[in-house]
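One structure below.
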2 protein chains.
Amino acid sequence: MARSAQPQDKAARRRMAPPMQFGGDLVLWAAWLYYEEGLKQDEIALRLGISRASVFNLLQKARDEGVVTITIDPSRIARADLAMKLHELWGLAECYVLPNEGGDTPLHDRIGRLGARIVEQKIGDEDIIGVAWGRTVLSLSKALSPMQHPGVTVAQLTGSSMATHDFSPEFCTSNIASRLNARCVNLHAPGVLSNAAMKDLLMREPMIEQHFALLRRCTMTLFGVTHLDGPTLLQNSGFMQPSFIEEYRAAGAVGFASGYFFDIEGRIVTTDFDSRHVVMPLEDFRRVPSRICIGGGASKFEAIRGMLRARIATILITDQTTAEALV
Amino acid sequence: MARSAQPQDKAARRRMAPPMQFGGDLVLWAAWLYYEEGLKQDEIALRLGISRASVFNLLQKARDEGVVTITIDPSRIARADLAMKLHELWGLAECYVLPNEGGDTPLHDRIGRLGARIVEQKIGDEDIIGVAWGRTVLSLSKALSPMQHPGVTVAQLTGSSMATHDFSPEFCTSNIASRLNARCVNLHAPGVLSNAAMKDLLMREPMIEQHFALLRRCTMTLFGVTHLDGPTLLQNSGFMQPSFIEEYRAAGAVGFASGYFFDIEGRIVTTDFDSRHVVMPLEDFRRVPSRICIGGGASKFEAIRGMLRARIATILITDQTTAEALV
DNA sequence: ACATGTCTCTGCCATTTGTCAATGACATTT
DNA sequence: AAATGTCATTGACAAATGGCAGAGACATGT
């Protein structure tokens, strides 16, 4: 029956009316029949008068365009017991742990994907999201699926650096904003100035003041962590000269997140450099209700622990290895 | 390579650590690797140390339990051009049209499924949903996927009938409430009383008064439509005797929705019967912001048109044939 | 009018997924 | 202790899907 149907296909197709149904929106049509009504691609092809391969292509398009979305309940991930332990142990509001055994994509991409799912789910219609930068944040931004959030604002948390890499702060924010169809507000200022006086001057600029006023209204922030051993992004990106990092390390700092340095006990570490560093004041930052830190990998363990002790994040997204080390 | 791997599987499995990762939540684990990381079932089986068939079963469980959900963007359905035409022509807030060419399940189940997707997407955390009854509403309730909406209230819109069928008003409401994990408030009163005096008396009962007060706070209602020709559910269900329906028909009524009769022009039709009929006053009903009518099939066309003219619904969910007839 | 480039669609084959009867572990009853 | 029932797991097989190279449609430039 299925066999003998093959030769009829073409004839049957010709007999059919041109595909004008469902507003001619074949992508939608195919997606509905496949995912909701559970028809086989064959059947859909027959009914729509196209080849099965085309149906396959339509379905792929539907997934790409976000007409159909496949979601994994993030609350279930938060309920997984490693996550629960971290949540209790570190006083986190929420915690998400990426399983170790995964594909062979780089870890930051995998964590980024997990982060994307969580951000998608948490985002509210009128949120103001402060976004820092980093490899994992960028991965997250790329993994976000297209959404309609015209009321959301994505704001740059830190000043910019010379973009020697493909992930500048601006790129992270604009990437996220475009996925969400949200407003993007960049901070048009260097992240590091040549002297303290210049910083003070700049901070009084109306445009900059306005931006920091906006940041104070953030409902959510999103940032990575970095450790300070060896060549990290901080220096590679040209954001900060090695000598300054050395200074912080000398003062005991083990990590950097969202603009702040901290030591192994979670104490904030400051040096002269802070007076030239354009960043949201820590008190303001700590007032943001949801502060999402995303990062993992064995090398970051100390930094993440320090960051947790410093209570910089309220929500942590990390990988299994790091999570296990943290309990 | 794939061939020769087969015999190794069992040995490989034995070598593996017991599956303790991801909180031992294999369902979640498999779902993540499959849907997010895009691994093949084979690979997952290998990494988890179970057979591929088990992976398949886990994935199925994940879908059944709602750990993963597959959604079709309902706004896209509303944007399909038939829906747009109805929206403009009838002043509906929203309109959704089910494609004709679908599986071979009964139409009301198919429309119910579409309705379920839309309700799932529209539902807010504190909604109060008034639910009438009918075959399609019941189908909808069965097609809802499990969700967490503890703040939502599902309230019975009309009084009860002798449940000669499997779809009583109570069954519709409790079904919906249990899917949503919402509060279920039933109306413990007959839908039709023997005389007007009895109705008046009953309406003054505190419990009943309370219920109607709750209904006035509804943010959303959900109901079907029925035509009045031939044996409809109204009589089959024992809700209403044929003679009364005859009376309404004699007065020009062509349909019945959510407790009200109306004629072909959309005028509300009343008879003596109304004075014995326990139902939300129409003025109150019309004040509910979202009034979702779900129903289709050629036989209901006239009834649906009358219902639309009577402005009973603000949102219509129907099938393509009916939609085409309505433009 | 013809050539050229760009896209989409097609038909086929390798791979992946879904189904099912049989197996074995474990709990309950006799 | 043996018999029986229940249920998750498995391997083998059938069906469905994904990928791809080439055909065909369509538009644009020569």
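So you know, we letter chains A, B, ... as the sequences are listed, proteins then strands, and number each from 1.
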Distance in angstrom units between B:Ile50 CD1 and D:dT9 C1', rounded: 9 Å
Value in whole Å for how far the C1' atom of C:dG11 lies from CG of A:Asp42: 13 Å
Nearest-neighbour nucleotide for the A:Ser54 side chain, D:dT10, C:dC9, D:dG19 considered: C:dC9
Side-chain donor-acceptor contact under 3.5 Å, B:Gln121 with B:Thr71: no
Residue whose nearest DNA chain C nucleotide is more 5′ - A:Asn57 or B:Arg63: A:Asn57
Lys/Arg N to Asp/Glu carboxylate O, B:Lys40 vs B:Glu43, below 4.0 Å: no
Identified stems (criterion: three or more consecutive Watson-Crick or G-U pairs, under 3.5 Å), DNA chain C: C:1-30 with D:1-30
Shortest side-chain distance from A:Tyr34, nucleotide among C:dG18, D:dT10, D:dT17: D:dT17
Between A:Thr173 and A:Asn186: side-chain donor-acceptor atoms closer than 3.5 Å: yes
5'-most by nearest nucleotide on DNA chain C - A:Lys40 or A:Lys61: A:Lys61
Interatomic distance, B:Gln41 CD vs C:dT17 P [rounded to whole Å]: 5 Å
Atom-pair distance (CZ on A:Phe56; C1' on D:dA21), nearest Å: 15 Å
